Amino acid sequence: MKLVRFGEKGKERPGVWMDDGRILDVRALAFHIEDYNGHFFTHHGLAQLAALVNDPGATFIDAAGVRLGSPVARPSKMVCVGANYAAHAKEFGRDIPKEPILFSKATTAINGPNDPIMVPDGAQVVDSEAELAVVIGKTASKVGKEDAMDYVAGYTVVNDVTERIVQKSNGQWFRGKGFDTFCPIGPFLVTPDEIPDLGDLRVWQKLNGETLQDGNTADLMFSIPFLIEYISQGMTLLPGDVISTGTPPGIGSARNPQVLMKAGDVVEVGVDGVGAQRSEVR
Ligand code: ZN
C-alpha cells in the first residue's frame, strides 16, 4: 500500500494512493482514522486500511491536481543520519564515521513532496540531499537489530535541504537544516511488502533536469536494522517517527564548480520503488 495525506497544508486528510489515478478517501468511510499519526500506527491502522481498500462503500477521489502533504503527520522527532555513504562523507570532507552521526531536523520544516522550497533571506549555499527514510510503526526501546524490522511501518523519501554556510559556521547542523520548507517528505509512505530488496534501491537527485546524485542503498554503511538498534538503545522511537538514512554522493555544493539551488530552479529527488518529489525553489 501507498499511504498519502492530501489536501490543503495543515488540513490534510489520510488517503491511499491507488496507482490508477485515484486516491481512497479514508476518513469518508472510517471517521475514526483522523490522520496518519502515532494513534493510527499504534491501533493497527495499517491492517484497517488494507480492509478499507476493498470495502464496497469506499470513496475515491481523482488524484489529478490534488496537493499531497507529508505522508505522515508531524512526528515526535526526525532522526537523521549524516555521512552514511562513504563517498558522500569524503566529498563533504569528513572521515568515514565509526558510528552513525545523528542529527535532527525541525519538524516545522516538514513540507509536502511537491510544495515549493523557500530559500531564506541571505542564504547563499543551499542544496538538496535525496534520502531513503524509515517510518516507525510501534514504540521502539532497546530493540535489537534482529527484531528491528518488526518496528517499521514503511518507507518514504526525504529531501534533507541544507544551507551549507549556516551548517558549517554554526556549532550544530540544526539551524542550517531546519529552515521552514527544508524537509519535503513523501509523496508516499510505502509499506514494506512493496519493497522487495531494501539493499538495492536507487537514490537520485536532479536539478533542472540534470542528474546530480545517482546512488544506491547498497552503499549505506549503517543499515536500517542497525540504525534502529543504535538509536533505540537510549532514545525511544515513537510510532510515526522518521529516520532519514543519509544521502549518496553528488550533492551540488560539493561539486566544482558548485551547483546551487536558486529561485526558479526545479529540484527532483527520489528513491526508485518508494517515490519521487518535484519542488520549485522560491
Ligand atoms: Zn542528509
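Both backbone and side-chain heavy atoms feed into the values below; hydrogens, waters and symmetry mates do not. Every number for a ligand or one of its atoms is a count from 1 in the order of the listing. None of the values given here were measured: they were computed from a predicted structure.
A 6.0 Å sphere centred on CD of Q172 holds no more than 12 heavy atoms belonging to other residues, nucleotides or ligands.
There is no side-chain donor-acceptor pair under 3.5 Å between T162 and Q167.
The set of protein atoms (N, O or S) found at less than 2.8 Å from the Zn ion (ligand 1) reads E129 OE1, E131 OE2, D160 OD2, by chain and number.
Below 30°, between 30° and 60°, or above 60°: for F179 and F182 the angle between ring planes is above 60°, a perpendicular geometry.
Taking the side chain as every heavy atom from C-beta outward, Y155 and L132 approach each other to under 4.5 Å. Counting heavy atoms from C-beta on, the side chains of L49 and Y36 come closer than 4.5 Å.
Salt-bridge formation is detected for the pair R67/E12: a Lys NZ or Arg NE/NH1/NH2 atom is positioned less than 4.0 Å from an Asp or Glu carboxylate oxygen.
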